[in-house]
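Here the structure is laid out as structure tokens; the discussion comes afterwards.
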Amino acid sequence: MTLRLYDTATGAVRDFVPLHAGKAGIYVCGLTVQSEPHVGHVRSAVNFDVLRRWLGASGYDVTFIRNITDIDDKILTKAAEQGRPWYNLAYDMKRELDRAYDDLHVLPPTYEPAATGHVPEMIELIEKLIGLGHAYPAPDGSGDVYFDVRSWAAYGELTHQGIDDMEAAEDADPRGKRDPRDFALWKGWKQATEPETASWPAPWGRGRPGWHIECSAMAGKYLGSAFDIHGGGVDLRFPHHENEQAQSRAAGGDFASYWLHNAWITTSGEKMSKSLGNSLLVPEVLKKVRGIELRYYMVAAHYRSHVEFSFEALEDAAIAFRRIENFLERAELAGVEAVDAELPEVFRNAMDDDLGTPAAVGAIFDTVRLGNRLLGADDLEDPQDVADLAGAVGAVRGMLAVLGLDPADPHWTQDGGGSSERLTHAVDVLVRGLLDQRQTARAAKDFAAADLIRDQIAAAGIEIEDTPAGPRWTMESSS
RNA sequence: GGUGGGUUGGCCGAGAGGCGAGGCAACGGACUGCAAAUCCGUCUACACGGGUUCAAAUCCCGUACCCACCUCCA
């Protein structure tokens, strides 16, 4: 089975045929770094991280570009409100975003271009569009440059809309536009309200780039005028992606072969950006569950499905994920070494079917149950059972790795200063001492004393399990 | 007005014409000193009304409700 992807442009699931055999070029719209990232923001990154990992696992040499928009109206407005330079706000938010990505084990892209670093490329592209008659400097002296939508017959093709059916933006300033739907490629510097640092020299006077042009310029620079996959959130289809495609194609390139869009995480039925409060910021959510659990929550739903975020559902997901971890821990305790196993066919088929992560997760649980059954066998003497179990562990870890969820990945086990490892060791020594006392009591059939010790340990949030290999402690699962 | 998506069991969440995804919770059994973990089993759902079909959660028509986008929101 070959990889099939749902292409928004055609509205159909299509076989993935790369432009260059064995290679895949992907461009994903990253964030505008204007505020702290919330869980909705990182979903997109997680979804496309899974796509990237799956392509890699399928043997493709992947070039993955994810941009950063570090100059725009909102950044300027917010920075002004906060009384600090816009570039400081953008930089701070970018660092927050990087931390959130890292907390969720979103792999760094091949490159992460920033808009402000590509102004010359954008100017070059705009000049080309002007030369081809698809763009024009506004005649009102504003210094703006607009894309002429009427000059591009295919305008609207990505979102299947006719120009005349579109509502013109009510708040759009029609000054200088030939058609109200024309959009800005370049915005002239407004000296009265905008800092000079937010402007760059251009043939049309100082100014800054319009929103869409950066992605066209940067995708072209790093992936070429034609590339395989373009991704982003559904809200970006229009106007952002429509405009990107229009200007890129008008400039002569084929642009993206496939368009992928991830759905929203909503709260109370509304998109997250409308929600008040900061309880959904990534660092806040990570006070309740671990990064790997939040990632599991996102991966367990299909990328094109809306997810109605709730802490209850998140906690359920975390509990479900711990079941997988439990299996791996039990196997490790039983001395089972993972062997490289081929990914189960159901898993591969699920992933090939438009990244069917829900079914892929189901395949993981099927393998976990199989492995648990083998672990529960009275004796693990049968060499065939041992081999099967080792294969199951390998398969589970292999599948998890594709989803970025292998708990044994150093990314999840490491932590900066190693303080958490030292703490774990300290707790282990203490708990083990108590468990020895409990074992002594149990051997003497003094169960009252044994249970008292267990209760004491439980009061510290630590759970005890008696296994054939002796008692084992874990942090209590519920938060 | 235009465009796109949705409504599935107690909960989360897949599937897209015919073999009961999966997880959580609950209940029963096995195991355990009791637990926990694990295994086995039970719980047979697809917004509503029509229609097509031997067969519909899945296709068609209609209705209701919800969501997103329509020029700087992931």
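Here is the naming used below: chain letters follow the sequence lines, and residue numbers restart at 1 for every chain. As the structure is a computational prediction, the values presented were derived from the model and not from experiment.
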Check: Between atom CD in A/Gln247 and atom C1' in B/U71, what is the gap in whole Å?
Finding: 12 Å
Check: Between A/Ile213 (CD1) and B/U71 (C1'), how many Å, whole number?
Finding: 14 Å
What contact category does [X] fall into here, base, sugar-phosphate, or nothing, at under 4.0 angstrom with non-hydrogen atoms?
X        : result
A/Ile464 : base
A/Lys74  : sugar-phosphate
A/Arg43  : nothing
A/His261 : nothing
A/Arg472 : nothing
A/Asp466 : base
A/Thr32  : sugar-phosphate

Check: Can A/Phe365 be said to stack with the base of B/G22, given centres closer than 5.5 angstrom and planes under 30 degrees apart?
Finding: no
Checklist line | Any donor-acceptor N or O pair under 3.5 Å, side chains A/Thr266, A/His306 | finding: no
Check: Does any donor atom in the side chain of A/Trp211 or A/Asp73 lie under 3.5 Å from an acceptor atom in the other side chain?
Finding: no
Next item on the list: Taking atom C1' in both B/A55 and B/G17, compute the distance separating them and give it to the nearest angstrom.
Entry: 8 Å
Checklist line | Any A/Glu96 side-chain heavy atom under 4.5 Å of A/Pro37 side chain | finding: yes
Next item on the list: Map A/Gly11 and A/Ser310 onto RNA chain B by nearest heavy atom, then report which one ends up closer to the 5' terminus.
Entry: A/Gly11
